[in-house]
Amino acid sequence: SYTARGLQALFRSEFAVRGGEVHLDNGTLGAHLWPAFRAKGARPVVTRMSFTSSPRSAALDMPTLLSAPAAGKLTALDLGETKLATARVREVIDSGFLLRATELGLTRCRVGAKGVAALARAAAPHLRRLTLGETGLKNAGVFELCDAPWADGLTELDLMRNELDDDALVAMASSGRFVNLRWLDLRVNGPDLRPGCTAAIGDRGVMALAAAPNLARLRHLNLYRTRVTVRGVDALLNGGHCRLAELDLGGYDLGPELPT
């Protein structure tokens, strides 16, 4: 784990002076470390931070951290598993970080459709990787993403476990956006998500993806435990604009007539 004293020394070191880059991943980045980021003489060397093993949201003062000198060149931020509340997610969105962000991970944070709407309105000209798995965005959140001016810059998008159905995929296909998207995770958008869940991605949605010219660059698609049948798989593999290199169909039996 990290210590404030150790980080402070690193941020002032000859390595930092020479323009080195620091990735802080899989450590405990609690509030006790914040003084190191704000210390006099700290240089902007941290380019990536992951909070996936860190304390829950109560310990995360993101505006203070994101405005600290040592985080001045931060471009990749993963808050997955912190379960940030909606208001705390908005703090990240409103902090100005998105102006330089290339990657943002919000898996299992409480984003919802309103949070995605705020995200879609924000200026994020360099954003390439966005993870929104299990954030409660539902179809309404995807509709908001389709209006984001920066959606064309995305190369990776994670929408797993969000109670999506075919209407979400039809919206993506008809939006004209996502023209550089190469990796899309839609797993467990179906009844296996939770008891009583009726929303599911099926053939109509994936057939729309396959036929969409704006999604012609898609190469990796995860449909684990959705409700796609042989008909949808055939459209992805043999029709439309898709030229997939990887297709995940785990979780159920498609039968012996699976196309090749």
Side-chain angles (χ1 to χ4, degrees), residues 79-80 84 86 89-90 92-93 98 101 103-122 124 127-194 197-228 232 235-236 240-242 244 247-248:
L79 294 164
L84 281 185
T86 304
V89 173
R90 286 294 301 269
V92 175
I93 294 170
L98 288 173
E103 301 181 21
L104 178 61
L106 295 171
T107 302
R108 297 187 179 87
C109 294
R110 299 170 189 171
V111 182
K114 291 184 178 180
V116 176
L119 181 62
R121 291 192 299 268
L127 192 61
R128 300 295 177 263
R129 185 173 188 268
L130 178 62
T131 59
L132 293 170
E134 204 167 345
T135 53
L137 56 91
K138 300 187 178 181
N139 282 3
V142 175
F143 300 158
E144 296 290 351
L145 282 179
C146 291
D147 289 332
W150 43 259
D152 283 344
L154 291 178
T155 59
E156 297 185 25
L157 179 60
D158 182 350
L159 299 174
M160 69 162 186
R161 302 179 68 90
N162 271 306
E163 296 188 50
L164 305 183
D165 62 25
D166 289 330
D167 288 343
L169 303 195
V170 170
M172 291 182 67
S174 61
S175 69
R177 304 278 194 186
F178 309 103
V179 296
N180 285 298
L181 196 64
R182 299 181 66 85
W183 188 93
L184 179 61
D185 191 343
L186 297 170
R187 62 191 145 131
V188 200
N189 278 295
D192 292 328
L193 176 58
R194 59 172 177 78
C197 178
T198 58
I201 287 174
D203 290 340
R204 181 169 65 91
V206 298
M207 290 172 71
L209 291 185
N214 51 308
L215 291 164
R217 293 185 177 179
L218 189 63
R219 294 295 180 268
H220 304 271
L221 180 61
N222 193 335
L223 294 172
Y224 175 84
R225 289 198 180 277
T226 56
R227 283 298 177 264
V228 179
L236 289 169
H241 297 272
C242 273
L244 293 177
L247 177 61
D248 190 334

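Each residue takes its place number in the sequence, starting with 1.
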Quiz item: Please walk me through it: do Leu218 and Leu236 pass side-chain contact (heavy atoms from CB on, under 4.5 Å)?
Solution: CA-CA 10 Å; Leu218 189 63; Leu236 289 169; over 6 Å; no
Quiz item: Once you round to the nearest 0.5 Å, how far does CZ of Arg129 lie from CD of Glu156?
Solution: 5.0 Å
Quiz item: Are the side chains of Glu163 and Leu193 in touch, meaning some heavy atoms are under 4.5 Å apart?
Solution: yes
Practice problem: Mind listing the closest non-hydrogen atom pair of Pro149 and Ala120 along with its distance? | Solution: CD-O, 3.6 Å
Practice problem: Would you confirm whether Thr155, through its side chain, and Leu181, through its main-chain N or O, come within 3.5 Å as a donor-acceptor pair? | Solution: no
Quiz item: So Leu104 and Leu119, side-chain contact (heavy atoms from CB on, under 4.5 Å) or not? Walk me through it.
Solution: CA-CA 11 Å; Leu104 178 61; Leu119 181 62; 4.2 Å; yes
Quiz item: How far does CD1 of Ile93 sit from CG of Leu106, to the nearest 0.5 angstrom?
Solution: 7.0 Å
Practice problem: Check Gly153 against Arg128 and note the closest heavy-atom contact, atom names and distance. | Solution: O-CD, 2.9 Å
Exercise. Keeping the roles fixed (side chain from Asn162, backbone from Thr135), state whether a donor-acceptor pair exists under 3.5 Å.
Key: yes
Self-check item: Pairing of Glu144 and Lys114 as salt bridge, 4.0 angstrom limit
Solution: no
Quiz item: Closest approach of Met172 and Leu157, non-hydrogen atoms and distance?
Solution: CE-CD2, 4.1 Å
Quiz prompt | Atom pair CG (Asp165) and OG1 (Thr198), whose distance is rounded to the nearest 0.5 Å | solution = 8.5 Å
Exercise. Report the distance from atom CG of Leu209 to atom CZ of Phe178, rounding to the nearest 0.5 Å.
Key: 10.0 Å
Quiz item: Do Ser175 and Phe143 touch side chain to side chain, with heavy atoms closer than 4.5 Å?
Solution: no
Practice problem: Sequence neighbours left out, what pairs pass side chain to side chain donor-acceptor pair (under 3.5 Å) with at least one residue falling in residues 199-223? | Solution: Asp167-Arg204, Asn180-Arg217, Asp203-Thr229, His220-Glu246
Quiz prompt | Side-chain heavy atoms of Leu137 within contact of Val142, under 4.5 Å | solution = yes
Exercise. Measure across Asp192 and Arg225 and return the closest heavy-atom pair with its distance rounded to 0.1 Å.
Key: OD2-NH1, 3.1 Å
Exercise. Report the residues that fulfil salt bridge (charged side-chain N to carboxylate O under 4.0 Å, His left out) with Arg187, sequence neighbours left out, ordered by chain and then residue number.
Key: Asp185
Exercise. Let me see the working for Leu221 and Arg182 under side-chain contact (heavy atoms from CB on, under 4.5 Å), right down to the final yes or no.
Key: CA-CA 8 Å; Leu221 180 61; Arg182 299 181 66 85; over 6 Å; no
Quiz prompt | Student check: side-chain heavy atoms of Leu184 and Leu223 closer than 4.5 Å | solution = no
Quiz prompt | Contact summary for Ala211 and Pro213, nearest pair of heavy atoms | solution = O-CD, 3.3 Å
Quiz item: Do Pro191 and Arg227 have side-chain heavy atoms sitting under 4.5 Å apart?
Solution: yes
Quiz prompt | Under 3.5 Å donor-acceptor, Asn139 side chain and Leu164 backbone | solution = no
Quiz item: Would you say Asp166's side chain and Gly205's backbone share a donor-acceptor pair under 3.5 angstrom?
Solution: yes
Quiz prompt | Residue pair Met207 / Ala235: nearest heavy atoms and the distance that separates them | solution = CG-CB, 3.7 Å
Quiz prompt | Short side-chain to backbone donor-acceptor contact, Trp150 and Ala122, under 3.5 Å | solution = yes
Quiz item: Between Thr107 and Met160, does a side-chain contact (heavy atoms from CB on, under 4.5 Å) hold up when you go through it step by step?
Solution: CA-CA 9 Å; Thr107 302; Met160 69 162 186; 4.0 Å; yes
Quiz item: Considering only heavy atoms from C-beta outward, does the side chain of Leu145 approach that of Leu159 to under 4.5 Å?
Solution: yes
